[in-house]
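Working notes for the structure below.
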Amino acid sequence: MSHHIVLLPGDGIGPEVVAATTRVLDAVGDFTYETHLIGGIAIDETGNPLPDETLAACRKADAVLLGAVGGPKWDTTDPGRPRPEQGLLGIRKGLGLFANLRPVKPLTALLDASPLKRDRIEGTDLLVVRELTGGMYFGRKERTADRASDENAYTRVEVERIARVAFRAARRKVTNVDKMNVLEVSRFWREVVLDVHAREFPGVVLDHMLVDNAAMQLVSGPSDFDVIVTDNMFGDILSDEAATITGSIGMLPSASLGEEGAPGLFEPVHGSAPDIAGTGVANPLATILSAALLLRHGLGRSDEAQALESAVDRALEGGLRTPDLGGSAHTDEATRAVLEQL
Ligand code: IPM
Ligand code: MG
């Protein structure tokens, strides 16, 4: 059976890593693709970072694969001008993608590529479950000449559903991360997490950590974590931090999921890397690994997902290193190395 995938290459290295990834996808299944605009390129071509056609096409797709959005060309502090990131936020909200899964598992072959000592990171296999459609990102924004604010609000339903995703994903425990010693929204968040735990998942070990402490524990003892559940803003920051454990942010995939049956969106955690865009050296592995998540969570094709992930592992074990990992392999070589393993 053929699956229909909407590709949103976006900006910077986005088009390069997405093109590499469709080559790999084609090696494991039968897919049809449709490419649409998002981000800066969509602003350039239509004036809108998320054209209506793009959102409509995504709603009809089986899954969406996104490259990256943004770049210095479109950076602005003027609230009246469109920004590429609005495209990404708009699509997350538009598709109801409230659950962002960011697995962090350094591969054995890359243990020495990490800025952290090997003995610190060995055994790390954690999952950041980030709430993706609420909190400060989507609160009411205000701006006058002398004051600006972003409301940080969560509803019970929003906290309950992300907590459920985390409890279902837990193998050893769930660590809830908040800032309840300061923020009202965090005290509410924690109460709701405790509630869901008591009523629906009493058998799962649950602990709590303040976000500043979690930031420290992530680098001092990352292997202690299993599932981390946290809000949109803290999740954004902690997942980048967690990415460095793997040696490069070029290695980290993500899945953004909504209600059962809605198409998921899959994207690398890294950005558009404008400094290397167009030079053919971008690391495509985070996008290829995002395609594995697409197969697993988006299409229910776990076998193919597994095949892809182990092909990436074996390619790295065979010595594949892109520049971000201290090597010199270009995007094309990296893609071929993975294809050979498949
Ligand atoms: C991410 C990115 C986005 C975010 C940006 C590009 C809007 O940093 O997916 O983590 O902040 O969510
Ligand atoms: Mg981020």
Side-chain angles (χ1 to χ4, degrees), residues 5-19 21-22 33-61 63-100 102 130-143 148-152 232-233 235-237 239-240 249 253-258 262-278 282 286-287 290 294:
I5 299 181
V6 164
L7 303 175
L8 305 177
D11 306 317
I13 59 172
E16 298 161 55
V17 291
V18 166
T21 301
T22 56
Y33 305 103
E34 190 181 326
T35 302
H36 287 273
L37 294 170
I38 195 165
I41 187 171
I43 295 176
D44 288 352
E45 294 193 16
T46 72
N48 180 355
L50 181 62
D52 294 344
E53 301 85 77
T54 298
L55 188 55
C58 291
R59 289 205 167 107
K60 282 187 280 176
V64 181
L65 182 69
L66 183 139
V69 298
K73 179 178 174 196
W74 303 280
D75 276 346
T76 171
T77 57
D78 178 351
R81 302 232 341 247
R83 279 173 295 107
E85 291 77 10
Q86 289 165 335
L88 185 54
L89 300 180
I91 202 156
R92 289 173 179 171
K93 194 74 169 180
L95 296 177
L97 305 171
F98 65 88
N100 185 222
R102 297 184 164 182
R130 169 189 176 193
E131 200 291 328
L132 203 60
T133 51
M136 224 183 314
Y137 273 64
F138 291 94
R140 187 154 46 101
K141 296 184 187 300
E142 282 179 332
R143 167 100 165 232
S149 66
D150 299 88
E151 184 185 39
N152 189 8
N232 205 344
M233 185 78 255
D236 178 47
I237 299 166
S239 58
D240 265 35
I249 196 167
S254 83
S256 302
L257 308 172
L265 180 138
F266 303 84
E267 58 175 316
V269 170
H270 62 68
S272 59
D275 52 323
I276 57 166
T287 316
S290 299
L294 182 156

Measure from the side-chain N and O atoms of [X] to the backbone N and O of [Y], and report whether any donor-acceptor pair falls under 3.5 Å.
X	Y	value
N100	E131	no
S272	G70	yes
T35	L7	no
R59	G94	yes
E16	G278	yes
S239	D236	yes

Note to self: Between K73 and D11, does any NZ, NE, NH1 or NH2 come within less than 4.0 Å of an OD or OE carboxylate oxygen?
What the structure shows: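 Not counted as a salt bridge, because no side-chain N and carboxylate O are separated by less than 4.0 Å.
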Notebook entry, point to check: Does a side-chain N-to-carboxylate-O contact under 4.0 Å join K60 and E34?
Noted result: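 Looking at K60 and E34, the cut-off is not met.
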Check: Between H36 and L55, does a side chain to side chain contact (heavy atoms under 4.5 Å, CB included) hold up when you go through it step by step?
Finding: CA-CA 9 Å; H36 287 273; L55 188 55; over 6 Å; no
Test item: [X] and [Y] side chains (from C-beta on) under 4.5 Å apart, heavy atoms:
X	Y	value
V69	Q86	no
R102	V269	yes
W74	R83	no
C58	L95	yes

Identify the heavy atoms of [X] and [Y] that sit nearest to each other, and give their distance.
X	Y	value
L37	E45	CD1-OE1, 3.7 Å
G71	P274	CA-CG, 4.3 Å
L50	N48	N-OD1, 2.9 Å
P49	P82	CD-CB, 4.0 Å
L132	L97	CB-O, 3.3 Å
V64	L294	O-CD1, 4.2 Å

Nearest-0.5 Å distance, [atom1] of residue [X] to [atom2] of residue [Y]:
X	Y	atom1	atom2	answer
F266	L8	CZ	CG	12.5 Å
T46	I38	OG1	CD1	11.0 Å
I43	T76	CD1	OG1	9.5 Å
F138	R92	CZ	CZ	7.0 Å
T54	I91	OG1	CD1	7.0 Å
R143	D150	CZ	CG	10.0 Å

Next item on the list: For N232 and R130, run side chain to side chain contact (heavy atoms under 4.5 Å, CB included): C-alpha distance rounded to whole Å, both residues' side-chain angles, the deciding distance at 0.1 Å, then the answer.
Entry: CA-CA 6 Å; N232 205 344; R130 169 189 176 193; 2.7 Å; yes
Notebook entry, point to check: Counting only heavy atoms not in D78, do more than 12 fall under 6.0 Å of its CG?
Noted result: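 Yes, CG of D78 has more than 12 neighbouring heavy atoms, counting only those of other groups under 6.0 Å.
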